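Every heavy atom of this structure was used, including side-chain atoms; hydrogens, water molecules and symmetry mates were not. Atoms within each ligand, like the ligands themselves, are counted from 1 in listed order. The shown structure was predicted, so the numbers you read here are calculated from the model rather than taken from an experiment.
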Amino acid sequence: MIPITVVDVRDAEDLVVEVLRSGAIAQGPMVKRFEDAFAHVAGTKHAIAVNNGTTALVASLQALDLEPGDEVITSPFTFVATLNAILEAGATVRFADIRRDDFALDPDAVAAAVTGRTKVLMPVHLYGQTADMGKLAPIAAERQLKVIEDSAQAVGASFQGRAAGSYGIGCFSLYATKNVTTAEGGVITTDDDELADRLRVLRNQGMRARYQYEVAGHNYRMTDLHAAVGIPQLEKLDQLTAARQANAKRLTEGLSGTPGLDLPQVLPGREHVWHQYTVLVGPHAMLSREELSNALTARGIGNGVYYPKIVFDYECYQGHPLIPDARVEDFPVAGAVAAQALSLPVHPHLTESDVDQVIETVREVLGA
Ligand SMILES: Cc1ncc(COP(=O)(O)O)c(C=O)c1O
């Protein structure tokens, strides 16, 4: 079996043992060390570690002091955490359709979705490639919108040399299967000193000094044990990313010309870090997306559908007061992509022969 992801954190053993022996296992010096290393990767002044990527998004929205009725524009093709975070923060969600080439927000659709109540633009950098920040950042600047990048899948990615998470507020996930993991964890990145300070206070029950509460906060803290798991990966992130990139390149060379299959693109100026290698199984392929997925699984090739539906197309979101006017039919690109997307193994622990086996199997079952 060639799995869709492999989690290998054995190189963290020494640091984790160091924390265990210290007896100080909650947030402490290891979290600080992790934050410093992460700020370096994101090219930002500050990195605030939290307990997962969802709370990174929630805390970022809370730090902006939104009023009821304030709107956040985001992508309808994302993991549900993006939507849930906005709802938890009490903001109103507006969606804009995506582009088929980067699976991320279409700047024209965003411009059309902005209203007088829009306060935040939340692009999602899906699968390891940034959204079109060259167009999205100016739209946000013109309309005075704050930018919160959902960079959960994009640690190390960049747009024209500028890192994901450095356009305003960046939110990263460190969940087990992410490019950098602490088992569970998240990070918020920013250059804004005041915002960073607010986030640190919010993370710790709104407390600056012991029992001195400044705002109604929360416990969003990361632990030193978790930080210790992530530090060695940050130290060798370039290597891990290069392995993903080499695997993606080999997949694209091997799969090009497969009838009915659209391969993922690296758009000009973008550094893609390949959290997922996602193909689109079009109507002219010999098998449907589901048939291809089943055939690959039967032949020992791990694969995954991220994500099978438009994010709000579930019973629990129907008629939600904070998701007004959202209709599936208004997002045709997101709908088509959700019906066709299939991710193949691209993780850094694949050998060349694993990658070749993925290629041969996909080609064989699609009659190429
Ligand atoms: C796009 C996106 N946003 C947010 C999250 C939430 O991160 P976490 O699972 O760490 O809460 C994830 C992670 O799965 C994600 O993929």
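- The contact shell of ligand 1, taken as protein residues with any non-hydrogen atom closer than 4.0 angstrom, comprises Asn52, Gly53, Thr54, Thr78, Phe79, Ala81, Thr82, Val124, Asp150, Ala152, Gln153, Ser173, Lys178, Gly185, Tyr307.
- In this structure, the ring of Phe312 has its center less than 6.0 angstrom from the ring center of Phe95.
- Smallest separation of non-hydrogen atoms from Tyr213 and Met207: CE2-SD, 3.6 Å.
- Leu145 belongs to a hydrophobic cluster whose remaining members, ordered by chain and number, are Ile73, Leu105, Val110, Val114, Leu121, Met133, Leu136, Ile139, Val147, Phe159, Tyr167; membership requires side-chain heavy atoms of ILVMFWY residues under 4.5 Å apart, directly or through intermediates.
- Of the N and O atoms on the side chains of Thr92 and Asp70, not one donor lies less than 3.5 Å from an acceptor on the other residue.
- The cationic group of Lys309 lies under 6.0 Å from the six-membered ring centre of Tyr314 and within 45° of the ring axis, placing it in a cation-pi geometry.
- Between Phe34 and Phe38, the ring-plane angle classifies as tilted under the 30° and 60° cut-offs.
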